[in-house]
Peer 1: 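Structure incoming, see below.
Start at 1 and go down the list; that is how both ligands and their atoms are numbered. One is the number of the first residue; the rest follow in order along the sequence.
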Amino acid sequence: METRILGKTGMEVPIVGMGTWKTFDVRGTAAKRNARAVVDAALMAGVHFFDSSPMYGEAERVLGEALQGRRRSALIATKVWAYSVSEGHTQVNRALTFFDNFIDLYQIHNLVLWPEHLNMLEQLRDAGRVRSIGATHYASSAFGELRQVMLTNRITAIQIPYNPIQREVEKEILPLAADLGLGVVVMRPFAEGALMRHKPSESDLAPLKSFGVTTWAQALIKWILSDTRCHVTIPATSNAGRIIENAAAGEPPWFGPQERALVARLATRA
Ligand SMILES: NC(=O)c1ccc[n+]([C@@H]2O[C@H](COP(=O)([O-])OP(=O)(O)OC[C@H]3O[C@@H](n4cnc5c(N)ncnc54)[C@H](OP(=O)(O)O)[C@@H]3O)[C@@H](O)[C@H]2O)c1
């Protein structure tokens, strides 16, 4: 698995990580055993960057349990998503108990109450509990505000959606992130699974075979990571086998403009 430096965070990250929205919001022994199997497969495949949030129900807790005894083999990117300062503190204290008192990348989820939470996260960073601070938003209508936060120079990474049917970040966000040297984490590589509903055929994908791509999921992951302004993407899955499939796309050779155009055509046709 190729690694990249996540911009000014200075962290060396595997370029394929994993999200936990829905897939890790689970209860019960069998579901938790499955989550652990997904994490086992991830670590074996070099996928050791995990994204979570208190917005995802049980996900932080389930991820923390699956990493018990091996927390330091992982990089944890989680979030504060709170409409009051006191709820923000409660969320942080909870996350610190799940992840051995340290968070690698603490992000402000959807920019909720960002001026207040930024102060709190800076204090935690100064106290050695947090390595880096970031901000996320899923909606292009919030990109103006995201720009404002980026320009404070108080965050070192952003998390944004980017895939062949959601390309708004190409206009301003990716160029600004590159100018400022910010780390870029890409959410929703499969558009929440929507891009998986109509998969192109094997013959459609044939021109991508020499790039090590044999599945549609790999084509989409490689489409993102071939833009080297993006440092890590975090597909979510509840299926250990798919982790291995997704991780395999984290190797060069990278697509050129022709291959990226082909994937974009196939995605919009679907
Ligand atoms: N505002 C924010 O900060 C924000 C917003 C959205 C998302 N995120 C983060 O980004 C992560 C990723 O986004 P997402 O979960 O919305 O969507 P996604 O990663 O684009 O898609 C997830 C879906 O893709 C399927 N999938 C995964 N690998 C596959 C494969 N190889 N072949 C076929 N299907 C596959 C999964 O189903 P199976 O489980 O069946 O494999 C799952 O339903 C989230 O989990 C979360 O951590 C952050």
Peer 1: Under 4.0 Å from any heavy atom of Gly19, which atoms of ligand 1 are there?
Peer 2: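 Ligand 1 atoms under the 4.0 Å threshold to Gly19: 11 (C), 45 (O), 47 (O).
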
Peer 1: State, to 0.1 Å, how close His231 and Gly7 come at their nearest heavy-atom pair, and which atoms those are.
Peer 2: CE1-N, 3.9 Å

Peer 1: Do Leu6 and Met1 land in one hydrophobic cluster if side-chain heavy atoms of ILVMFWY residues count as linked below 4.5 Å?
Peer 2: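 Result: no, two separate clusters.
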
Peer 1: Considering heavy atoms of the protein only, find what lies nearest to atom 12 (C) of ligand 1 and give residue, atom and distance to 0.1 Å.
Peer 2: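 Answer for atom 12 (C) of ligand 1: Ile234 O, 3.2 Å.
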
Peer 1: Distance to 0.1 Å, residue and atom name: give those for the protein heavy atom nearest to atom 28 (N) of ligand 1.
Peer 2: Asn246 ND2, 3.1 Å

Peer 1: Tell me which protein heavy atom sits closest to atom 17 (O) of ligand 1, plus the residue, atom name and distance to 0.1 Å.
Peer 2: Glu192 CA, 3.3 Å

Peer 1: Does the structure place the NZ or CZ of Arg265 under 6.0 Å from the centre of the six-membered ring of Trp223, at an angle of no more than 45° from the ring's axis?
Peer 2: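 The answer is no, since Arg265 fails at least one limit relative to Trp223.
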
Peer 1: Taking 4.0 Å as the limit for heavy-atom contacts, which would you say applies to Met196 with ligand 1: side chain only, backbone only, both, or neither?
Peer 2: side chain

Peer 1: Report yes if some heavy atom in the side chain of Ile76 is under 4.5 Å from a heavy atom in the side chain of Phe98; otherwise report no.
Peer 2: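 Contact flag for Ile76/Phe98 side chains = no.
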
Peer 1: Could you check atom 8 (N) of ligand 1 against the protein and tell me its nearest heavy-atom contact, residue, atom and distance included?
Peer 2: Tyr56 OH, 3.4 Å

Peer 1: Quick one: pull up OG in Ser226 and CD in Glu259 and give me the separation to the nearest 0.5 Å.
Peer 2: 8.0 Å

Peer 1: Select one of side chain, backbone, both or neither to describe which atoms of Gln159 lie under 4.0 Å from any atom of ligand 1, heavy atoms only.
Peer 2: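 Just the side chain.
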
Peer 1: Which ligand 1 atoms, with their elements, are less than 4.0 angstrom from a heavy-atom of Ala191?
Peer 2: 20 (O)

Peer 1: Identify the closest protein heavy atom to atom 29 (C) of ligand 1: which residue and atom is it, and at what distance?
Peer 2: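 Protein heavy atom at minimum distance: Arg242 CD, 3.5 Å.
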
Peer 1: Can you list the ligand 1 atoms lying under 4.0 Å from a non-hydrogen atom of Pro235?
Peer 2: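 Answer, ordered by atom number: 19 (O).
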
Peer 1: Would you mind running through ligand 1 and noting each atom that sits below 4.0 Å from a heavy atom of His109?
Peer 2: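 Close to His109: 1 (N), 2 (C), 3 (O).
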
Peer 1: Any chance you could measure Met11, atom CE, to Thr3, atom OG1, to the nearest 0.5 Å?
Peer 2: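 Answer rounded to 0.5 Å: 13.0 Å.
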
Peer 1: Does ligand 1 have a heavy atom under 4.0 Å from the side chain of Lys22, from its backbone, from both, or from neither?
Peer 2: neither

Peer 1: Indicate the atoms forming the closest heavy-atom contact of Phe143 with Glu168, along with that distance.
Peer 2: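 Of all heavy-atom pairs spanning Phe143 and Glu168, the closest is CE1-CB, 4.0 Å.
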
Peer 1: Is any N or O atom of Lys199, backbone or side chain, closer than 3.5 Å to an N or O atom of ligand 1?
Peer 2: no

Peer 1: Just jot down the ligand 1 atoms closer than 4.0 angstrom to any heavy atom of Asp51, in number order.
Peer 2: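 What qualifies from ligand 1 is 9 (C), 46 (C), 47 (O).
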
Peer 1: Tell me whether Met196 at atom CE has more than 12 heavy atoms from other residues, nucleotides or ligands lying less than 6.0 Å away.
Peer 2: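 Yes, the 6.0 Å shell around CE holds more than 12 heavy atoms from other groups.
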
Peer 1: Using heavy atoms and a threshold below 4.0 Å, how should the contact between Ser53 and ligand 1 be classified: side chain, backbone, both, or neither?
Peer 2: neither

Peer 1: Is the backbone of Ile15 close enough, under 3.5 Å, to the side chain of Arg4 for a donor and an acceptor to pair up by distance?
Peer 2: no

Peer 1: Nearest to atom 3 (O) of ligand 1, what protein heavy atom do you find, and at what distance?
Peer 2: Thr136 OG1, 2.8 Å

Peer 1: Among Leu195, Leu220, Ile221, Val186, whose side chain to side chain contact (heavy atoms under 4.5 Å, CB included) with Asn163 holds?
Peer 2: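 One option only clears the test, and that one is Leu195.
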
Peer 1: In terms of residue, atom name and distance, what is the protein heavy atom nearest to atom 44 (C) of ligand 1?
Peer 2: Trp21 CB, 3.6 Å

Peer 1: I'd like to check which ligand 1 atoms, numbered from 1 as shown, lie under 4.0 Å from a non-hydrogen atom of Glu245.
Peer 2: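 Result: 31 (N).
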
Peer 1: I need the nearest protein heavy-atom contact for atom 22 (C) of ligand 1: residue, atom name and distance, please.
Peer 2: Ala236 O, 3.5 Å

Peer 1: Test of understanding: clusters of I, L, V, M, F, W, Y form through side-chain heavy atoms closer than 4.5 Å, transitively. Do Leu121 and Leu96 belong to the same one?
Peer 2: yes

Peer 1: Are any of the N/O atoms on Arg188, whether in the backbone or the side chain, positioned under 3.5 angstrom from an N/O atom of ligand 1?
Peer 2: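 Yes - when backbone and side-chain N and O of Arg188 are compared with those of ligand 1, one distance drops under 3.5 Å.
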
Peer 1: Does a side-chain N-to-carboxylate-O contact under 4.0 Å join Glu245 and Arg242?
Peer 2: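 A salt bridge is absent here (no side-chain N lies under 4.0 Å from a carboxylate O).
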
Peer 1: Measuring from non-hydrogen atoms of Met55 to any atom of ligand 1, is the shortest distance under 4.0 Å?
Peer 2: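 The answer is no, since Met55 has no heavy atom less than 4.0 Å from ligand 1.
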
Peer 1: Ring centres under 6.0 Å, that's the criterion: do Phe24 and Tyr56 meet it?
Peer 2: no

Peer 1: With heavy-atom distances below 4.0 Å as the criterion, list the atoms of ligand 1 near Ser238.
Peer 2: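 In order of numbering, the contacting atoms are 38 (P), 39 (O), 40 (O), 41 (O).
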
